[in-house]
Structures are given as C-alpha cells and as structure tokens.
S.K.: 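Below is a structure I'd like to ask you about.
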Protein chains: 2
Amino acid sequence: MNLFGRKSKQPDNQNRMNEELGKKGLRMTPQRLMIIAAIEKSDNHIGADEIYTQVVEKYPNVNISTVYRTLDVLEEMGMVTKTDLGGGRVQYHPAEKGHHHHLVCRECGKITDLDEAALSVLKETLLRHYNFVADLRHMGIWGYCAKCNRQVVKEA
Amino acid sequence: MNLFGRKSKQPDNQNRMNEELGKKGLRMTPQRLMIIAAIEKSDNHIGADEIYTQVVEKYPNVNISTVYRTLDVLEEMGMVTKTDLGGGRVQYHPAEKGHHHHLVCRECGKITDLDEAALSVLKETLLRHYNFVADLRHMGIWGYCAKCNRQVVKEA
DNA sequence: TTAAATGCAAACGCTTTGCAATTGA
DNA sequence: TCAATTGCAAAGCGTTTGCATTTAA
C-alpha cells in the first residue's frame, strides 16, 4: 500500500510523489521520503511523535519541526488526512485508505478504526434536523474497548 | 438554573454549595463563587479562558490557574462536565443540564448543542458490533453549520 | 489555629516560527 | 543558480505545578 493508492514498490512510488511535488514547485528530500514511509507503514494512523521517533532511528539529525512541516505539505496535497481526536491526540492517515473514524479507549488508549458507513445514518440525521454538514472524516469517539469495558464501571 | 438542579436563587445556591464542599473538607471562596456563576450563566458550554475573562472583570486579580483548579474540583464533585472537542477546544458544562453533544462549525466556530438521544442509535451499534462502550457525553462533531455551509465546498 | 486556597512565576507538552545554512532541481 | 527545505533555537499556546502567602472555617 502506498500514499497514492497503487500497489507498486518504491521506485514508482517515488516517481509519483515527485510528480505531485513538482506540480507545486516542491522538492523531494530524504526527510520527506522517510516521513512518508513511516505513514505508509503505519496501519491507518500515526502521530507526529511516532513518525519522528521512527525517522530519527535511521536519520538521526531530522528535526521534529520538519515532520510537522512535511505533514502540512502532505495534507495540503491531499495525501494524508489529519484527525484531532481530542485530548491532545492528533493522528495522520494515508489518504488512500479512505475515511474512517476512531474508537478511542480511555483505559488502554487503543484506537480502533470504524468504517465511514457506520456513521452515514448520523450524518443524514444531522443534515436533516440541524442543517449541519458534518465532516465525519475527522471524528473520535471515546469510551471503553471490548477488553477494558469489563473492568470499568459503565454509566451513561 | 443552577449547578445543583434547583430553581432557587443565590442564598440557597450558596448553602447547597457549601454543603457539597464541606463534605470533602473544601472551602468556599469568592473566586469559586464567581467561577461557578460564570459557568451557570453560560448557556450550556464555556471555556476556561472565557470564564477567566468574565471573572477578571469583577475581580481583577484572579489567576487563570485558580480557574483551572476550581474547574477540576467542580468536575470531581460532579457539578460540571468537561468535553474536549479537539482542536484545543475544551468546554465545561453545568452538570444538571444533562449530557449533550456538540456540532462545531469549522468556519465560524459556532457550537450547537445536540441532544444525547440523537446518538443513542449509534451507541447501540457500536456496542453490538464492536463491543465498544462509547462515552457519548464527550463528543464533538465538526463540520459546517447551517449559516456557513452555503459558502463552502462540500465533500465527503 | 491550620489546612485549604490563592497568586505568582516557572515549567509543561505539543506545535509553530524566524532565520541562517544547506540542498534539490 | 537560487528558491525550497532544513536544523536549530526560540516562542507560542493552553494547561499544570511548586511554593510562599493569604484566608476560610
């Protein structure tokens, strides 16, 4: 899997990326390659800090600010999606993996993906009743996962 | 309306509050009174900064840290509810007003309350399909409100 | 009297920014 | 070549904390 929705390996991936960058007069750099690789490797979501940690291992002098700047570029180019789950948790996703939501466990922190379709009913309701166009690409639902909800007092 | 779900005015309000505080060996202070007043005055939600701004007007030397500390106490006592909407927006609510959700407009920032019942179907689905106990007391849904969604390109 | 609460200043964690040096096209 | 990109250090933001002082009970 790669950021452009193809199944090809490295070289093509890079070419495609160069293309996209070129369109905007932007450049490919080793840092960007590694950041993109980290996002692709992540299964659906990853935070800036995790990306940084991964990249630093192989490229010890990257700076966290480069990670943030690259993330901004990728988002602007539509290659990654950003989700603010609240509680200081911001996650990035390969765009080609489609939109999805997150069930975040308060207990163990685990994030489970939830297909977009699961919320289509809600989206319709909000539009009809409130005239509110919900952007359900960016949503986190907090609670307790299957593993943790046995040990926790449940209300609400 | 007051934090304890009664319709009485100031004096009783204070008495009741003293009681609650007393139970835990805590004290009533002018700062706490004003902070509580600000939350009650807010119609359903208010941020720490807004509380601070309001209180400073009448009590110029309060400190923002006192606001946060009081908010913690109130939350612990079950008098206010805290919701992290993401994007650095944390809102506090008088607890007696019941649980509700928030439709947050990306364009104008407006927050619309949404009744808890509106999401009960979703909650059921998540429990059945994912064994996930969703805490829908704390949720923000981002998108575009009725006023703004006319001027904005809509996808998803 | 005395523990709780406050103001202040400093630190926090995450993110952003200014700038001079570096580097890809 | 030369603008885009980087690393670095500093700042920004909302929030938290340590501590000496004040204050409610």
Side-chain angles (χ1 to χ4, degrees), chain A residues 14-36 45-53 55-56 58-77 80 82-92 109 140, chain B residues 14-36 38 45-56 58-77 79-80 82-92 104 109 140:
Chain A
Q14 291 181 28
N15 288 341
R16 186 75 202 283
M17 206 179 302
N18 274 322
E19 240 175 66
E20 294 283 337
L21 288 168
K23 281 181 195 168
K24 302 205 171 192
L26 305 178
R27 298 169 182 170
M28 179 50 74
T29 66
Q31 292 92 332
R32 285 181 176 173
L33 268 178
M34 301 202 64
I35 291 167
I36 287 165
H45 47 251
I46 189 170
D49 52 331
E50 296 170 86
I51 294 172
Y52 176 67
T53 306
V55 175
V56 157
K58 298 191 177 178
Y59 199 114
N61 64 322
V62 264
N63 194 274
I64 185 72
S65 65
T66 299
V67 173
Y68 281 108
R69 284 188 280 226
T70 298
L71 251 12
D72 285 348
V73 169
L74 291 174
E75 200 191 356
E76 228 168 78
M77 294 173 72
V80 303
K82 183 181 179 178
T83 306
D84 186 337
L85 298 174
R89 302 186 69 160
V90 178
Q91 300 283 122
Y92 294 86
Chain B
Q14 291 180 29
N15 288 341
R16 186 75 203 283
M17 206 178 307
N18 275 321
E19 239 175 67
E20 295 282 337
L21 288 168
K23 280 183 195 167
K24 302 206 171 195
L26 305 179
R27 297 168 184 170
M28 180 48 76
T29 65
Q31 291 92 334
R32 285 182 176 173
L33 269 178
M34 301 201 64
I35 291 167
I36 288 163
H45 48 249
I46 189 170
D49 53 331
E50 294 169 88
I51 294 172
Y52 176 67
T53 306
Q54 275 187 44
V55 175
V56 158
K58 298 191 177 177
Y59 198 114
N61 63 321
V62 266
N63 193 275
I64 185 72
S65 63
T66 299
V67 173
Y68 282 108
R69 284 189 280 227
T70 298
L71 251 12
D72 285 346
V73 169
L74 291 174
E75 200 190 357
E76 228 167 78
M77 294 172 73
M79 296 189 201
V80 303
K82 183 180 180 180
T83 305
D84 185 337
L85 298 174
R89 302 187 70 160
V90 177
Q91 300 284 121
Y92 294 86
V104 190

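Throughout, protein chains are lettered first and strands after them, A, B, ... in sequence-line order, and every chain is numbered starting at 1.
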S.K.: When you measure from the side chain of D84(A) to the backbone of G87(B), do you find a donor-acceptor pair of N or O atoms at a distance under 3.5 Å?
M.R.: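 Flag set: sc D84(A) to bb G87(B) pair under 3.5 Å.
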S.K.: Using atom CZ of R69(B) as one end and atom P of dT23(D) as the other, report the distance to the nearest whole Å.
M.R.: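 Atom-to-atom, R69(B) to dT23(D), this comes out as 15 Å.
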S.K.: Below the 4.0 Å mark, does dG7(D) have OP1 or OP2 next to a side-chain nitrogen or oxygen of T66(A)?
M.R.: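 The answer is yes; a side-chain N or O of T66(A) sits under 4.0 Å from OP1 or OP2.
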S.K.: Quick one: N63(A) CG to dT16(C) P, roughly how many Å, whole number?
M.R.: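 For the pair N63(A) CG and dT16(C) P, the rounded distance is 13 Å.
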S.K.: Any base atoms under 4.0 Å from D49(B), or only sugar-phosphate, or nothing? Heavy atoms, all strands.
M.R.: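 If one applies the 4.0 Å heavy-atom cut-off, D49(B) turns out to touch nothing in the nucleic acid.
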S.K.: Calculate the interatomic distance between D84(B) atom CG and dC13(D) atom C1'; express it in whole Å.
M.R.: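 Rounded to whole Å, this separation is 14 Å.
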S.K.: From CG of D72(B) over to P of dT16(D), roughly how many Å is that when rounded to an integer?
M.R.: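 So the two atoms are 6 Å apart, to the nearest Å.
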S.K.: Could you tell me how far apart I64(A) (CD1) and dT17(C) (C1') are, to the nearest whole angstrom?
M.R.: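 Those two atoms, CD1 and C1', are 15 Å apart.
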S.K.: For K23(A) and dA4(D), what is the distance between atoms NZ and C1' respectively, to the nearest whole Å?
M.R.: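 Computing the K23(A):NZ to dA4(D):C1' distance gives 19 Å.
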S.K.: Out of curiosity, R69(A) CZ to N63(A) CG, how far, rounded to the nearest 0.5 Å?
M.R.: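 It comes to 7.0 Å.
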S.K.: Which listed nucleotide (dA4(D), dA24(D), dA4(C)) is nearest to the side chain of L26(B)?
M.R.: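 Among dA4(D), dA24(D), dA4(C), the one nearest the side chain of L26(B) is dA4(C).
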S.K.: Working to the nearest 0.5 Å, report the span between CZ of R27(A) and CZ of R32(A).
M.R.: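 Interatomic distance, R27(A) CZ to R32(A) CZ, rounded to 0.5 Å: 9.5 Å.
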S.K.: Take atom CG of N61(B) and atom P of dA5(C), then tell me their distance rounded to the nearest Å.
M.R.: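 Nearest whole value for this atom pair: 18 Å.
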S.K.: Can you figure out which of dG7(C), dG7(D), dG24(C) approaches the side chain of Y59(B) most closely?
M.R.: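 Among dG7(C), dG7(D), dG24(C), the one nearest the side chain of Y59(B) is dG7(C).
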S.K.: For residues V62(B) and V67(B), determine if any side-chain heavy atom of one lies less than 4.5 Å from a side-chain heavy atom of the other.
M.R.: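 Heavy-atom side-chain distance check fails, nothing below 4.5 Å.
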S.K.: May I ask you to verify if any side-chain N or O of R27(A) is less than 4.0 angstrom from the OP1 or OP2 atom of dT6(D)?
M.R.: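 So the side-chain polar atoms of R27(A) never come under 4.0 Å of the phosphate oxygens OP1 or OP2 of dT6(D).
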S.K.: Look at the side-chain N and O atoms of Q31(B) and state whether any lies under 4.0 Å from the OP1 or OP2 oxygen of dG7(C).
M.R.: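 Answer is yes, contact under 4.0 Å.
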S.K.: I need the CG-P distance between L33(B) and dA5(C), as an integer number of Å.
M.R.: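 Computing the L33(B):CG to dA5(C):P distance gives 13 Å.
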S.K.: Using a 4.0 Å heavy-atom cut-off across all strands, classify G25(B) as base, sugar-phosphate, or nothing.
M.R.: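 Contact class for G25(B): sugar-phosphate only.
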S.K.: What nucleotide, of dA25(C), dT5(D), dT6(C), holds the atom closest to the side chain of T70(B)?
M.R.: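 Between dA25(C), dT5(D), dT6(C), the one nearest the side chain of T70(B) would be dT6(C).
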S.K.: Ignoring hydrogens, what is the shortest heavy-atom contact between L33(B) and M28(B)? Give both atom names and the distance.
M.R.: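 Closest heavy-atom pair between L33(B) and M28(B): CG-SD, 3.7 Å.
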S.K.: Using OP1 and OP2 only, check whether a side-chain N or O of S65(A) sits under 4.0 Å from dC8(D).
M.R.: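 Looking at the OP1 and OP2 atoms of dC8(D), neither is under 4.0 Å from any side-chain N or O of S65(A).
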